[in-house]
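Here the structure comes first, spelled out in structure tokens, and everything after it is commentary.
Because only heavy atoms are used, hydrogens play no part in the values below, and waters and symmetry mates are left out as well, while side chains stay in.
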Amino acid sequence: MATDLYRRVTAWNAEQGDAERLALHHRVWDGTPWMVNCYTGGVSDGRTRDMIEWCHSQFGEQAWWPANRPGAWQRGSATIHGWEWWGFDTEDKLRAFMAAWPKPDDIPE
């Protein structure tokens with residue numbers, strides 16, 4: 001199972017017709033297919049650091065695909081206007097993360 005975001009990103013990569021690109025997508029996200037686009041905040045507001053520390057304390061060390069290190073969670077590390085993809089290995093972990101880190105009310109979708 002996986003989120004709709006994971007399925008859409010997989011489909012988009014497949015549509016590009018680039019086997020290496022699709023293979024990289026699978027290498028990066030297959031271990032954490034419960035993906036969400038979440039608000040991580042600005043560079044200096046501390047929210048991202050707090051989110052990382054929370055995930056580490058709840059789920060252990062972050063997955064790191066360049067080193068072939070599996071893990072229960074990871075972040076995409078590309079923040080656009082305060083939003084970033086995060087992935088989890090189970091739906092329960094995704095739900096716990098979303099409950100702990102909802103989008104602030106004053107942030108537009």
Side-chain angles (χ1 to χ4, degrees):
M1 300 292 294
T3 60
D4 185 56
L5 175 59
Y6 173 85
R7 288 188 292 274
R8 285 185 322 212
V9 172
T10 302
W12 185 86
N13 278 288
E15 290 167 4
Q16 302 311 302
D18 182 339
E20 286 183 41
R21 176 189 205 114
L22 182 58
L24 178 60
H25 160 74
H26 282 295
R27 184 173 171 210
V28 173
W29 292 107
D30 279 3
T32 56
W34 293 95
M35 291 172 64
V36 62
N37 189 31
C38 63
Y39 184 76
T40 57
V43 174
S44 62
D45 71 7
R47 182 175 167 97
T48 300
R49 180 84 241 151
D50 292 345
M51 294 167 85
I52 291 168
E53 289 175 1
W54 183 89
C55 283
H56 191 270
S57 72
Q58 296 295 309
F59 308 132
E61 196 168 334
Q62 180 178 191
W64 187 240
W65 67 268
N68 292 317
R69 184 178 72 211
W73 67 281
Q74 70 172 321
R75 54 188 281 263
S77 299
T79 305
I80 301 171
H81 300 292
W83 294 84
E84 183 178 348
W85 291 350
W86 288 52
F88 301 88
D89 65 347
T90 68
E91 183 177 10
D92 288 341
K93 288 180 183 123
L94 169 65
R95 289 185 187 278
F97 175 80
M98 292 174 64
W101 297 100
K103 177 187 72 65
D105 292 336
D106 61 338
I107 302 299
E109 292 286 329

* Asked: Could you give all pairs that pass the side-chain hydrogen bond (donor to acceptor under 3.5 Å, both in side chains) test and reach residues 57-66, with sequence neighbours left out?
  -> E61-R69
* Spacing of E20 atom CD and R27 atom CZ [to the nearest 0.5 Å] -> 12.0 Å
* Asked: Atom CG in N13, atom CZ in R21: separation rounded to 0.5 Å?
  -> 5.0 Å
Beyond-backbone contact of [X] with [Y], side-chain heavy atoms, under 4.5 angstrom:
X   : Y    : result
L22 : Q16  : no
Y6  : M1   : no
Q74 : V28  : yes
R47 : P104 : yes

Which heavy atom in [X] sits nearest to a heavy atom in [Y], and how many Å separate them?
X    : Y    : value
P33  : A2   : O-CB, 3.5 Å
F88  : C55  : CE2-SG, 4.0 Å
A100 : W54  : CB-CZ2, 3.5 Å
W83  : P108 : CZ2-O, 3.5 Å

Could you tabulate the donor-acceptor pairs under 3.5 Å formed by side-chain atoms of residues 34-42, not counting sequence neighbours?
unit_1 : atom_1 : unit_2 : atom_2 : d
T40    : OG1    : G82    : O      : 3.2

* ring-ring contact (aromatic ring centres under 6.0 Å, His included) partner of W73, the single match among W85, W86, F59 -> W86
* To do: Go through the structure and list residues passing side-chain hydrogen bond (donor to acceptor under 3.5 Å, both in side chains) with R7, not counting sequence neighbours.
  => none
* Quick one: do L94 and T3 satisfy side chain to side chain contact (heavy atoms under 4.5 Å, CB included)? Show the steps, please. => CA-CA 10 Å; L94 169 65; T3 60; 3.6 Å; yes
* Over 12 foreign heavy atoms within 6.0 Å of CD, E53 -> yes
